[in-house]
Amino acid sequence: MVVTLAGGVKNVSDSVAIQQVSWNRPRVPDFRLVQGSLNTNGLGILAAGIFGTPPNSVYSGTSVSLIGFTGVAARRIGYVIGGVLLALAFLPKLTAFLLTLPSPVMAAYLLTAIALLFVSGGRTVVQDGLDAQKAMVVGIAFSLGVGLDNQTIFADLLGGTSRADFSDGLE
């Protein structure tokens, strides 16, 4: 239930963020579209549960930054990308070709996507002004994230077995 709730909150925030970068002029988010996105995400998670696969998400975290960077938010682009992903699922030779991309090329793509995502998040935080409450929330979240990742805070409170829960999952 916690994972589903977290996925739902992420989906709502992603839906609002996608709307903000997709429109030429700023306007109030259309919550009927957000509701439709949440319903679609729920159906996808239900199907994932029925078929025994990991839960999915309607939006990727990099979607907002890529839309803001390229200025392309057309539905037909989404349909084309969906078609390409289906082709990748059923054509293993095409997938193998994409896996032969050199590591520096993939690293450059990931660096660009993460940098754009960071800037997009910063823009969202300071969009309506940075008051004391926003500064406190962002500061605490950032410092906890960095501190737990580097294991510099709560090191004495977290025993050897609990420390693995807060370490990098790739190590």
Side-chain angles (χ1 to χ4, degrees), residues 1-23 28-121 124 137 141-142 144-146 148-149 151 158 160-171:
M1 286 183 60
V2 172
V3 172
T4 303
L5 183 62
V9 170
K10 179 189 178 302
N11 183 255
V12 168
S13 64
D14 286 346
S15 299
V16 170
I18 288 284
Q19 287 183 37
Q20 288 175 347
V21 297
S22 297
W23 292 327
V28 178
D30 184 358
F31 285 101
R32 288 186 189 264
L33 295 175
V34 173
Q35 182 181 12
S37 172
L38 193 58
N39 290 339
T40 303
N41 196 35
L43 286 175
I45 291 174
L46 177 66
I50 290 171
F51 294 114
T53 61
N56 54 7
S57 179
V58 176
Y59 298 116
S60 168
T62 57
S63 298
V64 174
S65 59
L66 290 177
I67 289 172
F69 178 67
T70 62
V72 177
R75 284 188 184 172
R76 60 181 178 260
I77 300 298
Y79 294 143
V80 169
I81 291 173
V84 168
L85 291 175
L86 279 174
L88 287 173
F90 293 110
L91 301 171
K93 296 279 186 188
L94 184 60
T95 305
F97 172 73
L98 289 177
L99 289 175
T100 62
L101 283 174
S103 295
V105 172
M106 187 54 84
Y109 167 75
L110 289 175
L111 181 65
T112 304
I114 289 171
L116 292 171
L117 189 61
F118 183 78
V119 170
S120 175
T124 302
V137 169
F142 187 76
L144 275 174
V146 171
L148 286 173
D149 187 50
Q151 298 177 358
L158 299 174
T161 57
S162 299
R163 192 174 295 172
D165 294 335
F166 295 105
S167 66
D168 187 3
L170 299 176
E171 292 178 354

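What you see is a predicted model, and the numbers here were worked out from it, not measured in a lab.
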Visitor: Say you draw a straight line from CG of Leu46 to CD1 of Ile50; how long is it, rounded to the nearest 0.5 Å?
Guide: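 So the CG of Leu46 and the CD1 of Ile50 are separated by 4.0 Å.
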
Visitor: Can you tell me how far the CZ atom of Phe142 sits from the CG atom of Leu144, to the nearest 0.5 Å?
Guide: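 Taking CZ in Phe142 and CG in Leu144, the distance rounds to 11.5 Å.
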
Visitor: Any heavy-atom pair between the side chains of Ser15 and Leu38 that's under 4.5 Å?
Guide: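 Counting from C-beta outward, Leu38 and Ser15 never come under 4.5 Å.
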
Visitor: Compare every heavy atom of Val16 with every heavy atom of Val34, then report the nearest pair and how far apart it is.
Guide: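 Between these two residues, the closest heavy atoms are CG2-CG2, 4.0 Å.
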
Visitor: Nearest 0.5 Å please: distance from the CD atom of Gln35 over to the OG1 atom of Thr40.
Guide: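 Atom-to-atom, Gln35:CD and Thr40:OG1 are 10.5 Å apart.
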
Visitor: Could you pull out the closest heavy-atom pair between Leu33 and Gln19, with the gap in Å?
Guide: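 Taking every non-hydrogen atom into account, CB-NE2, 3.6 Å.
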
Visitor: Which donor-acceptor pairs under 3.5 Å do side chains of residues 71-85 form with protein atoms, sequence neighbours excluded?
Guide:
none

Visitor: Under 3.5 Å, side chain of Thr112 to main-chain N/O of Ala108, donor-acceptor pair present?
Guide: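 Between the backbone of Ala108 and the side chain of Thr112 there is a qualifying donor-acceptor contact (under 3.5 Å).
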
Visitor: To the nearest 0.5 Å, what is the distance between CG on Asp14 and CG on Asn41?
Guide: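 If I round to the nearest 0.5 Å, the distance is 9.0 Å.
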
